[in-house]
There are 2 protein chains.
Amino acid sequence: MQIGKIARATGTKVNTVRYYEEIGLLKPAPRSQSGRRIYADADVERLAFIRRARGLGFSVSEVRSLLEVSDAPNRDCKDAATLARNHLRRVEEQIEQLQAMRQELIGLARACDGGTATDCGIIGGLARKSA
Amino acid sequence: MQIGKIARATGTKVNTVRYYEEIGLLKPAPRSQSGRRIYADADVERLAFIRRARGLGFSVSEVRSLLEVSDAPNRDCKDAATLARNHLRRVEEQIEQLQAMRQELIGLARACDGGTATDCGIIGGLARKSA
DNA sequence: CTTGATCCTCCAGTAACTGGAGATTGTAAA
DNA sequence: TTTACAATCTCCAGTTACTGGAGGATCAAG
């Protein structure tokens with residue numbers, strides 16, 4: 001299949017597929033006579049794997065590591081497990097940060113009574129130390 | 001005061017202060033004879049405002065708008081309120097997304113029994129559609 | 001008079017794509 | 001057969017919000 005099809009099959013943009021090849025997540029696809037990339041079913045699976053990992057927030061370099069493990073079936077998966085655990089921790093930290101932001105934003109919004117900027121709790125809250 | 005001091009006072013890097021000037025969040029600071037930027041107390045407050053807004057996740061362009069409102073004391077603050085509400089919604093969406101990721105990651109991690117890559121629930125979970 | 005700390009400007013790099021220009025190639029209808 | 005249109009190709013610039021560094025001036029202290 002050509003690039004458009006594998007892109008559609010995995011919910012990826014065509015440019016992104018080429019980008020993944022460029023950075024080595026996908027190996028260079030063989031070409032047709034006219035130079036178009038040709039993909040096999042296995043490539044769809046690999047790309048889907050990449051997309052799922054990215055969708056879970058793994059960085060490209062982490063995905064690279066995950067693919068390495070995946071490509072070596074006999075390999076111990078502890079690297080993958082470590083990656084996943086660390087990533088989970090990061091995600092949880094982000095959640096906490098965002099929840100703190102949320103609380104502050106709610107506080108700010110509550111302090112806004114719809115008057116002028118001087119009286120506005122949002123502007124005022126940002127301007128004073130006790131945000 | 002010079003740039004190092006205002007930077008320290010607001011927990012900003014020196015380069016970042018210059019960057020904010022470059023993109024117009026701070027107006028060009030007057031210079032000493034030798035060309036060094038000179039700041040007043042009001043600039044500390046403005047920079048602190050910027051930092052707090054950024055810390056709450058507002059984008060630079062949103063901060064720009066918030067500053068505009070803040071700079072026009074008689075202006076109706078509804079633009080600021082709208083910005084804050086929209087931003088709050090974005091933050092909440094992000095929290096939800098991250099929580100979904102978190103659940104999936106926990107599921108993946110649980111499926112890993114520490115064996116080889118072939119049997120690993122992490123690799124397997126990423127490889128199969130039902131992640 | 002020489003450190004060492006600050007400051008200056010300019011520029012490149014980060015992450016992970018995304019979009020577009022300009023040129024081919026493939027296909028299908030008129 | 002021509003003509004149109006879709007899909008592909010390569011290359012390159014732009015996005016966000018900084019961050020870090022090179023290379024060079026300036027300043028205060030000892």
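In the text below, chain A, chain B and the rest are named by the order of the sequence lines, each starting its count at 1. The figures here come from the full heavy-atom set of this structure, side chains too, leaving out hydrogens, waters and symmetry mates.
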Taken to the nearest whole Å, CD1/B/Ile50 to C1'/D/dT16 is 16 Å

Whole Å only: how far is the CD atom of B/Gln33 from the C1' atom of D/dC27? 14 Å

Rounding to a whole Å, what distance do you find between A/Ile38:CD1 and C/dT25:P? 15 Å

Between residues 2-29 of chain B and DNA chain D, which residues have a heavy-atom gap below 4.0 Å? B/Lys13, B/Asn15, B/Thr16, B/Tyr19, B/Tyr20

I'd like to check B/Arg89 versus B/Glu93 (side-chain heavy atoms, cut-off strictly below 4.5 Å). Are they in contact? yes

With heavy-atom distances below 4.5 Å as the criterion, would you say the side chains of B/Leu83 and B/His87 are in contact? no

Kindly work out whether a path of hydrophobic side-chain contacts (I/L/V/M/F/W/Y, heavy atoms less than 4.5 Å apart) joins B/Ile106 to B/Leu108. yes

Separation of A/Arg31 atom CZ from C/dT24 atom C1', in whole Å? 13 Å

Please determine if B/Glu104 and A/Arg52 form a salt bridge, counting it only when a charged side-chain N lies under 4.0 Å from a carboxylate O. no

Which sits closer to the 5' end of DNA chain D, B/Ser32 or B/Arg54, going by the nucleotide each is nearest to? B/Arg54

So, do B/Tyr19 and B/Ile23 sit near enough that their side-chain heavy atoms are less than 4.5 Å apart? yes

Hey, are the side chains of B/Ile122 and A/Val69 touching, using non-hydrogen atoms and a 4.5 Å cut-off? no

Over how many whole Å does the gap from A/Arg36 atom CZ to D/dA6 atom P extend? 14 Å

Looking at A/Arg64, I'd like to know whether one of its side-chain N or O atoms comes within less than 4.0 Å of OP1 or OP2 on C/dA15. no

B/Arg37 side-chain N/O to C/dC7 phosphate OP1/OP2 under 4.0 Å: no

